[in-house]
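We count residues from 1, following the sequence as given. All heavy atoms count here, side chains included; hydrogens, waters and symmetry mates do not.
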Amino acid sequence: FSVYRAGSTSTSIGSQRANFDTKRFDTGSNYSTSTFRFTAPVAGFYQFNMGISIAAVTPTRMFPSFYKNGVELMRGTDIASSSQGTSLSAQFQLAANDYIEAYFYCNLSGGTYNNSFSFFDGYLISKT
């Protein structure tokens with residue numbers, strides 16, 4: 001699957017789910033544009049990638065995270081800049097029906113993340 005945010009949305013202070021609402025493709029229909037989750041159809045090893053691009057007028061602190069079943073599982077590099085982008089890639093072993101969500105932390109309210117510069121994608125490497 002590969003998804004992105006169709007329009008701009010404002011950031012708030014703290015950890016927030018990246019609400020990717022538009023599919024480039026989703027071969028197995030396992031990503032929901034209403035819950036913003038990828039749900040594993042089968043047990044296996046999966047590769048996930050995400051990128052967040054935020055435009056802001058003042059310096060911000062930001063890092064991406066993957067959440068598994070509602071709990072933070074992996075955090076990316078913490079960066080600070082007035083206009084920034086960061087990414088995170090990871091491989092996870094999932095059981096059938098486990099779900100993965102893309103999150104990011106931002107310490108600025110009113111920055112924006114948008115369109116194809118921010119993305120979330122993944123694929124099955126192998127079944128277990």
Side-chain angles (χ1 to χ4, degrees):
F1 76 98
S2 180
V3 295
Y4 65 96
R5 178 79 189 175
S8 297
T9 190
S10 292
T11 61
S12 57
I13 296 172
S15 186
Q16 54 211 285
R17 183 180 53 212
N19 295 334
F20 296 115
D21 59 2
T22 305
K23 295 180 181 184
R24 285 192 180 92
F25 60 86
D26 184 9
T27 306
S29 298
N30 299 305
Y31 181 85
S32 169
T33 55
S34 59
T35 63
F36 311 108
R37 296 176 176 172
F38 169 82
T39 302
V42 297
F45 295 97
Y46 290 81
Q47 170 73 39
F48 294 98
N49 311 293
M50 68 176 288
I52 297 288
S53 177
I54 293 183
V57 294
T58 58
T60 63
R61 178 174 171 236
M62 182 185 145
F63 56 82
S65 298
F66 286 125
Y67 279 58
K68 176 185 172 186
N69 300 332
V71 177
E72 187 178 44
L73 185 62
M74 180 170 286
R75 183 180 290 183
T77 303
D78 193 340
I79 63 170
S81 171
S82 62
S83 183
Q84 61 192 3
T86 187
S87 61
L88 176 61
S89 294
Q91 296 175 358
F92 301 122
Q93 184 174 8
L94 302 178
N97 298 314
D98 281 347
Y99 63 89
I100 299 292
E101 298 167 295
Y103 271 72
F104 65 96
Y105 171 88
C106 183
N107 74 342
L108 174 73
S109 181
T112 58
Y113 74 98
N114 60 2
N115 60 46
S116 60
F117 296 117
S118 297
F119 66 90
F120 178 33
D121 61 41
Y123 57 89
L124 175 66
I125 298 170
S126 68
K127 294 179 183 180
T128 54

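- By the 6.0 Å and 45° rule, Arg37 stacks over the aromatic ring of Tyr99.
- Not a single donor-acceptor pair under 3.5 Å links the side chain of Asp98 to the backbone N or O of Ala40.
- What you find for Phe20 and Ala102 is that their closest heavy atoms are CE1-CB, 3.9 Å.
- Closest non-hydrogen pair, Ser2 versus Asp121, comes out as CA-CB, 3.7 Å.
- In this structure, the side chains of Phe45 and Thr128 come closer than 4.5 Å at one or more pairs of heavy atoms.
- Closest of all the heavy-atom pairs between Tyr67 and Glu72 is CD2-N, 3.4 Å.
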Taking distance alone, no hydrogens or angles, what donor-acceptor pairs closer than 3.5 Å link side-chain atoms of residues 87-96 to residues at least two apart or in another chain?
{"unit_1": "Ser89", "atom_1": "OG", "unit_2": "Asn49", "atom_2": "OD1", "d": "2.8"}
{"unit_1": "Gln91", "atom_1": "NE2", "unit_2": "Gln47", "atom_2": "OE1", "d": "3.1"}

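- The distance from atom OG1 of Thr39 to atom CG of Asn30, rounded to the nearest 0.5 Å, is 7.0 Å.
- A pairwise comparison of heavy atoms in Asp21 and Thr33 identifies O-CG2, 3.5 Å as the closest pair.
- Taking OG of Ser53 as the reference point, atom CE of Met62 lies at 7.5 Å (rounded to 0.5 Å).
- The distance from atom CZ of Phe104 to atom CZ of Arg17, rounded to the nearest 0.5 Å, is 11.5 Å.
- Grouping the Ile, Leu, Val, Met, Phe, Trp and Tyr side chains by contacts below 4.5 angstrom, directly or via other members, places Val3 with Phe36.
- When all heavy atoms of Arg61 and Asn107 are compared, the pair lying nearest together is N-OD1, 2.6 Å.
- Ile125 and Tyr46 get closest at one heavy-atom pair: CD1-C, 3.9 Å.
- In this structure, Phe48 CZ and Met74 CE are separated by 12.0 Å, a value rounded to the nearest 0.5 Å.
- Between Phe119 and Arg24 the shortest side-chain heavy-atom distance falls below 4.5 Å.
- Linking ILVMFWY residues whenever their side-chain heavy atoms come closer than 4.5 Å, directly or via other members, places Tyr31 and Val42 in the same cluster.
- The CD atom of Gln16 lies 10.0 Å from the OG atom of Ser10; values are rounded to the nearest 0.5 Å.
- Phe120 pairs with exactly one of Tyr103, Phe1, Tyr4, Phe38 by the ring-ring contact (aromatic ring centres under 6.0 Å, His included) rule, that one being Phe1.
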